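What follows is one structure encoded as structure tokens, with my remarks underneath.
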Amino acid sequence: MPRPSTTSNRGSPCTGCASSTTAMPRRQGAVAVADAAGVRGGSADAGASGGSAAGAGPAADPPAGAGEPVTATDGSARERPALPYRFDRTAEAAAIQARYADLAPGDETGDVVSVAGRVMLLRDQGKLAFAQLRDSSGAVQLFALASLTEDFDAFSRLSLGDWVGATGVVVRTRRGELSVKVSHWVLLAEARRAFGDKWRGVTDVETRFRQREVDLWANERSREVLLLRSRAISWLRRSLEDRGFVEVETPMLHPLPGGATARPFVTHHNALDTDLYLRIAPELYLKRMVVGGFERVFEIGRVFRNEGLSPRHNPEFTMLELYQAYADLTDLFVLVEELVSGLAVDLCGSTTLSYGGRILELAPPWRRATLAELVREHSGLDVSLDTPEGELRRLVAETGVDPQPGWGPGKLLLELYEKHAEPALWGPIFVTDFPVEVSPLARRHRDDPRLTERFEAILAGRELANAFTELTDPDDQRRRFEAQAAAKSAGDDEAMPVDEEYLRALEHGLPPTAGLGIGIDRLVMLLADVANIREVIAFPTLRPDR
RNA sequence: GCGCCUCUAGCUCAAUGGCAGAGCAACGGACUCUUAAUCCGCAGGUUCCGGGUUCGAAUCCCGGGGGGCGCACCA
């Protein structure tokens, strides 16, 4: 905010700040300044204590010829400037804005900084020029004067989008804009293509996702969302490591697709002359790590499912899976609550999120309800696994779904849940007690062998996490696989094949283990309050252009 | 995969059956404190592609392509 000019500190270098800063170790976000006397003006060849090692001009390499036009050697008639190989930046925009927030309009510091970034706006005023320079931290104005700035004419002809490095003293203009008063500058890269309207940016959805680099520069919100994603993943990783989990990497190329019910991508290995599948889940390999003695493991990685695209589905997406030995489902209720609410507090400052204009309260504890309870609650139908199968079949048919011959009571009950209850859920809520028939990798419920110890966490109306006490009995696992294989040969192309390698691993002994999967993309969508999964993926899948 | 909507200058958008336009960007010029600077000038088009109807098509019809949304599938 500009404030009335005062003369009290006009022209006086901020020595206190300067000395404390120069004593700091060089790190991102710090403002390293040089004494103005050493660098200002055209004769600043030596004595730039905190700036360029080379001394001459903007701290660019090679120093000679920086910014000088040369004729291109590629046969084109156009002149191209010689572009430097590196640039010594001493300050980022945000750090400058923070440090000199109290500088009065019209005041000049004696502090020399070198900044670098992209020219977002340029106002050529004849003998003066103003440019808005943006770097990854923020923006700061460059103030160029014909009487001071080296190669002023070229500066005033910069294109929007050009990358430049600039060196000069920090000032606040008479109109109140904090600026670097440019003595030297260097073109770091040309923007040969314009990137969007300077006021409206780029809004065309197709352009935004096909040329994401343009979107990221033009739209601050796009950068924020991807930054939030990065922070969320980093937080989760740290959080799990703090709890004793070890991050591992398991294969993405699978001889058999497993660990989920989904259609896989198929690829081919030439030397082995064998088809391989891009993984649909890391689950089976992670449990084999537990068999091998890794008692707490997790993996954050890409999985691939060959299914339709939608605002909530991308063919490749990021999954967090973790497995904890000696634990069961009861441990995971708490873990999911703590991870998700902790993440919200850390990144969004509160357990209360707004998603799509609706409130989502993440403070634990979350409601827990069984699948059958929820069907009864939302449909008014008095059903359970005790309901005669014919009756269940009839009720499913009434929802408009055609019950398949192979569907047993469990699958029929799940259908009723998906039609009557799930669309009405907002959450957070843990839906528990999924039937064995639809949970081929989960351990049977200790109170009812027709059910499993499994939950899905629903947040903002979407399945965000899926967890269960793991099935450890190799004989039961074989029977479940065989039931899946039967479904597959009956036409269910998402059903799992029998995985003999996995069965052999179970025969070596999987301790009691709890396992959890969280869809990272959807979690970030919640935190960022965006409706389309493409917003949280840097380069979402699109149909190839032409 | 199906349904609905959409595609015009580099960007953002007008023109609804009658001469394809504006703002910004680009290009040339003026300007010593600008804030989407302002002002003067100058250029810029396979109206997504192909066919049809019509005296005349960006506009209406058919087919194709890209994108969006919904459904289906799924996380």
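Letters A, B, ... are given to chains in the order of the sequence lines, protein chains preceding strands, and every chain is numbered from 1. The structure presented is a predicted model; accordingly, all values stated were derived computationally and were not measured.
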Name the nucleic acid region contacted by [X], choosing base, sugar-phosphate or nothing; use a 4.0 angstrom heavy-atom cut-off, strictly under.
X       : value
N532(A) : sugar-phosphate
T203(A) : sugar-phosphate
Q132(A) : nothing
G517(A) : nothing
N314(A) : base

Task: Quiz item: E177(A) side-chain donor-acceptor pair to rU35(B) base, under 3.5 Å - done: yes
- [ ] Check whether the side chain of D197(A) and the base of rG10(B) form a donor-acceptor pair under 3.5 Å.
- [x] no
Task: Pairing partner of rG3(B) (Watson-Crick or G-U wobble, both distances under 3.5 Å) - done: rC69(B)
Task: Ring-on-base stacking rA37(B) with F130(A) (under 5.5 Å, under 30°) - done: no
The side chain of [X] lies closest to which of these nucleotides: [options]?
X       : options                   : value
Q125(A) : rU32(B), rG67(B), rU12(B) : rU32(B)
D204(A) : rU32(B), rA75(B), rU12(B) : rU12(B)
P311(A) : rU35(B), rG67(B), rC69(B) : rC69(B)
R522(A) : rU35(B), rC73(B), rA75(B) : rA75(B)
K198(A) : rC33(B), rG70(B), rC24(B) : rC24(B)
E206(A) : rA25(B), rC73(B), rG67(B) : rG67(B)
E463(A) : rA75(B), rG67(B), rU12(B) : rA75(B)
R312(A) : rU32(B), rC73(B), rC71(B) : rC71(B)

TODO: Check whether any side-chain heavy atom of Y323(A) lies under 4.5 Å from a side-chain heavy atom of E470(A), and answer yes or no.
DONE: yes
Using atom [atom1] of [X] as one end and atom [atom2] of [N] as the other, report the distance to the nearest whole Å.
X       : N       : atom1 : atom2 : result
R123(A) : rC39(B) : CZ    : C1'   : 16 Å
D124(A) : rA36(B) : CG    : P     : 17 Å
R193(A) : rG10(B) : CZ    : P     : 11 Å
N219(A) : rC11(B) : CG    : C1'   : 12 Å

Task: Crowding at CD, E213(A) (>12 non-hydrogen neighbours, <6.0 Å) - done: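 Check passes, neighbour count above 12.
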- [ ] With C1' as the reference atom in both, quote the distance from rG28(B) to rC19(B) in angstrom, rounded to an integer.
- [x] 28 Å
Task: Nearest-Å distance once atom C1' is located in both rC24(B) and rA14(B) - done: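 rC24(B) and rA14(B) have their C1' atoms separated by 15 Å.
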Task: Basic-acidic side-chain contact under 4.0 Å: E316(A), R302(A) - done: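 Yes.
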- [ ] Considering just the side-chain nitrogens and oxygens of R543(A), establish if one lies under 4.0 Å of OP1 or OP2 belonging to rG67(B).
- [x]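 So the side-chain polar atoms of R543(A) do come within 4.0 Å of the phosphate oxygens OP1 or OP2 of rG67(B), strictly under.
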Task: Euclidean distance, T261(A) OG1 relative to L441(A) CG, rounded to 0.5 Å - done: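 Output value for this atom pair is 9.5 Å.
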- [ ] Assess whether salt bridge (charged side-chain N to carboxylate O under 4.0 Å, His left out) is satisfied between D124(A) and R157(A), documenting all intermediate values.
- [x] CA-CA 8 Å; D124(A) 173 15; R157(A) 285 197 306 270; over 6 Å; no
Open item on the list: Closest-nucleotide mapping onto RNA chain B: is F209(A) or V401(A) further toward the 5' terminus? I mean the 5' end.
Closed with: F209(A)
Open item on the list: Closest-nucleotide mapping onto RNA chain B: is L158(A) or T207(A) further toward the 5' terminus? I mean the 5' end.
Closed with: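 The residue whose closest nucleotide sits nearer the 5' end is T207(A).
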- [ ] Anything under 30° is parallel, anything over 60° is perpendicular, the rest tilted; go ahead and classify F304(A) against F265(A).
- [x] perpendicular
